[in-house]
Amino acid sequence: MEIWINPRCSKCRIAQETLDAAGAEYTVRRYLDDPPTAQELRDILTRLGLEPWDIVRDGEQVAKDLGVKQWGREGDADRERWIAAMAEHPILIQRPIITADDGHAVVGRSDEAVRSVLPQA
């Protein structure tokens with residue numbers, strides 16, 4: 001299991017506390033220091049079952065500067081534009097993202113989402 005975090009994010013800290021309390025084994029990726037590639041983003045989106053615009057933090061200043069709220073959301077060209085922006089500006093990526101050992105992934109912004117990646121006893 002891996003968790004993509006920004007250590008300054010309270011949701012990330014809460015997700016880690018939940019994983020720790022459950023005794024989960026995981027690795028931490030500080031995605032602002034170690035940004036994902038465009039291909040890694042494509043892969044994680046597949047695992048999440050989401051589109052890139054679903055995990056963009058459009059309230060970030062860089063999102064406002066880029067005007068992402070006006071970007072298209074149809075077709076491969078639009079999808080690639082969003083992915084390229086997240087690869088270039090990882091602050092745009094919603095957090096935390098947790099990849100489960102069974103292949104799925106979640107955006108762990110709720111306790112329920114974080115718990116969904118834990119192995120069922």
Should we say atom CD of Glu74 is surrounded by more than 12 heavy atoms from elsewhere, each under 6.0 Å from it?
no
The reported gap from CD1 in Ile55 to CZ in Arg95 (rounded to nearest 0.5 angstrom) is 12.5 Å
>> Are Leu66 and Leu41 connected into the same hydrophobic cluster when the rule is that any two of I, L, V, M, F, W, Y join if their side-chain heavy atoms are below 4.5 Å apart?
In response: yes
Taken in chain and number order and not counting sequence neighbours, the residues that satisfy salt bridge (charged side-chain N to carboxylate O under 4.0 Å, His left out) with Asp111 are Arg115
| said: Quick one about Asp20 and Gln16 (side-chain donor to acceptor, distance below 3.5 Å, no hydrogens or angles considered), yes or no? | reply: no
Under-4.0 Å salt bridge between Asp78 and Arg73:
no
Centre-to-centre under 6.0 Å for Trp71 and Trp53, is that the case here? no
| Is the shortest distance from a Lys or Arg side-chain nitrogen in Arg47 or Glu40 to a carboxylate oxygen in the other one below 4.0 Å? | no
When rounded to the nearest 0.5 Å, the distance separating OH of Tyr31 from CD1 of Ile5 is 9.5 Å
One should read off an interatomic distance between Leu19 CG and Leu118 CG, to the nearest 0.5 angstrom, of 6.0 Å
Would you find more than 12 non-hydrogen atoms of other residues, nucleotides or ligands less than 6.0 Å from Arg13 atom CZ? yes
dist Ile83:CD1 -> Leu45:CG (nearest 0.5 Å) comes out at 5.5 Å
So CZ of Arg109 and SG of Cys12: to nearest 0.5 Å the spacing works out to 7.5 Å
Taken to the nearest 0.5 Å, the spacing of His89 NE2 from Gln61 CD works out to 12.0 Å
| task | Taking atom CG of Asp76 as the centre, report whether more than 12 heavy atoms of other residues, nucleotides or ligands fall under 6.0 Å from it. | result | no
May I ask you to check whether over 12 heavy atoms, not counting those of Gln39, lie within 6.0 Å of atom CD?
yes
The residue among Ile97, Leu32, Val28, Asp34 that forms side chain to side chain contact (heavy atoms under 4.5 Å, CB included) with Trp4 is Ile97
